[in-house]
Engineer: 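Here it is: the structure, laid out below.
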Amino acid sequence: MWDKLFKGDTTPEKAAENPLYQAVNRDRLPRHTAIIMDGNGRWAEGRGLLRTAGHTAGVSALKQTLKVAIDLGLPALTVYAFSTENWKRPHNEVDFLMRLFTDQLAKEIDEMDADGVRLRFLGRVDDLAPALREQARAAEARTKDNTGVCFSIAMNYGGQDELVRATQALAADVAAGRIAPGDIDAAAIEARLDTAGLPPVDLVIRTSGDLRLSNFLLWQAAYAEFWFTDTNWPDFTPAHFVEALRDYGRRERRFGGLKK
Ligand code: IPE
Ligand code: IPE
Ligand code: MG
């Protein structure tokens, strides 16, 4: 049913009329939603296909998910595309993924820009192939003044690696006398993370049934709500996303305090 309702309406007025979104409490939307797009391989294997076919199929789920974020005016959406641990996979799968990132970014950048999306890449982007790195940096520069959804793609990203790099940056600032050790606080750390300036993660979604963070946004998800589904990423629809947002809107968040 969702495909009849979901048109990827790009004005808030049109989106507001979409019955798919009516279940969502717009006063209680997450400021920052982070998605671990997992299960592409299992999706493919279940169909007797190569794992890479699962990654290709996952692209349309991501496009639809971004459209929902645009329609609902979510401030920030971050997706986990490739972890620092994913280099352990066979060469051909890694190569395929890198090519998929390049191809899709080239294909989608105009529409994302037109939709007001601000693109950002998290992780060791500088260690990727020069062409992909340049493409990522160019996409960031091109969309930096857009005012819509801040869409971050974690690519060659690991939460521990990010904290290591932030720590190195802090140590360099201490050594240069720019900051005193006693002045290092949470804000000083946050300012040196790849996500600097983004709101804390309110909601983490993971598809495909595994219940773990896999080194994603370790600092940023400190008080996140979690939403898991057994659905593999390529089968994740706007209806699933809306269900996650609706569940999130019903959660009571206490942040260590007491029930209000
Ligand atoms: C997630 O799907 C995509 C990436 C990690 C790049 P997987 O490739 O991990 O799929 P499963 O978990 O093996 O099914
Ligand atoms: C996490 O999925 C990384 C991405 C979705 C890009 P993995 O499939 O790599 O995680 P593990 O290995 O199951 O923990
Ligand atoms: Mg996986």
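Quick caveat, the model's predicted, so the values are computed rather than measured. As the structure lists them, so they are numbered: ligands from 1, and atoms in each ligand from 1.
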Engineer: Does the side chain of Y157 reach to within under 4.5 Å of the side chain of L217, using non-hydrogen atoms?
Structural biologist: yes
Engineer: Could you tell me which atoms of ligand 1, counted from 1 in the order shown, lie closer than 4.0 angstrom to a heavy atom of H55?
Structural biologist: 3 (C), 8 (O)
Engineer: Measure from atom 12 (O) of ligand 1 to every heavy atom in R89, M155, R42 and give the option owning the shortest one.
Structural biologist: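 The residue whose heavy atom sits nearest atom 12 (O) of ligand 1 is R42.
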Engineer: Under 4.0 Å from ligand 2, counting heavy atoms only, is it the side chain of F82, its backbone, both or neither?
Structural biologist: backbone
Engineer: Tell me, which protein residue and heavy-atom name are nearest atom 14 (O) of ligand 2, and how many Å apart are they?
Structural biologist: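 Protein heavy atom with the smallest distance to atom 14 (O) of ligand 2: S214 OG, 2.6 Å.
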Engineer: Does a donor on one side chain and an acceptor on the other come within less than 3.5 Å for T207 and D38?
Structural biologist: no
Engineer: Show, in sequence, the C-alpha distance, side-chain angles and deciding distance for D161 and R165, and conclude whether the salt bridge (Lys or Arg N to Asp or Glu O under 4.0 Å) test is met.
Structural biologist: CA-CA 6 Å; D161 177 69; R165 287 184 285 109; 2.9 Å; yes
Engineer: Give me the residue, atom name and distance of the protein heavy atom closest to atom 9 (O) of ligand 2.
Structural biologist: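 Going by distance alone, atom 9 (O) of ligand 2 is nearest to N86 ND2, 2.9 Å.
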Engineer: Would a distance-only check, ignoring hydrogens and angles, find a side-chain to backbone donor-acceptor pair under 3.5 Å from R89 to V94?
Structural biologist: no
Engineer: So, the side chain of N156 versus the backbone of G123: is there a donor-acceptor pair under 3.5 Å, distance only?
Structural biologist: no
Engineer: When you check the gap from the basic side-chain N to the acidic O, do K63 and D115 get nearer than 4.0 Å?
Structural biologist: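 No, K63 and D115 are not salt-bridged.
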Engineer: Hey, are D194 and R124 close enough for a salt bridge, meaning a charged N less than 4.0 Å from a carboxylate O?
Structural biologist: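 Salt bridge: no.
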Engineer: State whether D210 contributes an N/O/S atom found under 2.8 Å from the Mg ion (ligand 3).
Structural biologist: no
Engineer: Suppose we only allow N, O or S atoms; which atom of D38 ends up nearest to the Mg ion (ligand 3)?
Structural biologist: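 Answer by atom name: OD1.
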Engineer: R212 near ligand 2, heavy-atom distance under 4.0 Å?
Structural biologist: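 Yes; R212 lies near enough to ligand 2 that a heavy-atom distance drops under 4.0 Å.
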Engineer: Look at atom 10 (O) of ligand 1 and say which protein heavy atom is nearest, naming residue and atom and giving the distance to 0.1 Å.
Structural biologist: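 Result for atom 10 (O) of ligand 1: G41 N, 2.9 Å.
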Engineer: Measure the shortest side-chain to side-chain distance between E190 and L193 over non-hydrogen atoms and say whether it is less than 4.5 angstrom.
Structural biologist: yes
Engineer: Tell me whether ligand 1 is touched by S208 - counting only heavy atoms on the residue side and a distance under 4.0 Å.
Structural biologist: no
Engineer: Looking at E111 and K67, is there a salt bridge between them, counting it only when a charged N and a carboxylate O are closer than 4.0 Å?
Structural biologist: yes
Engineer: Hey, is A81 one of the residues with a heavy atom under 4.0 angstrom from ligand 1?
Structural biologist: yes
Engineer: Using a strict 4.0 Å cut-off to heavy atoms of L97, name the atoms of ligand 1 that fall inside it.
Structural biologist: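 Answer for ligand 1: 6 (C).
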Engineer: Around atom 1 (C) of ligand 1, find the nearest protein heavy atom and jot down its residue, atom name and distance.
Structural biologist: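 Nearest neighbour among protein heavy atoms for atom 1 (C) of ligand 1, to 0.1 Å: M37 O, 3.0 Å.
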Engineer: Looking only at distances, can you tell me whether any N or O atom of D38, backbone or side chain, sits closer than 3.5 Å to an N or O atom of ligand 2?
Structural biologist: yes
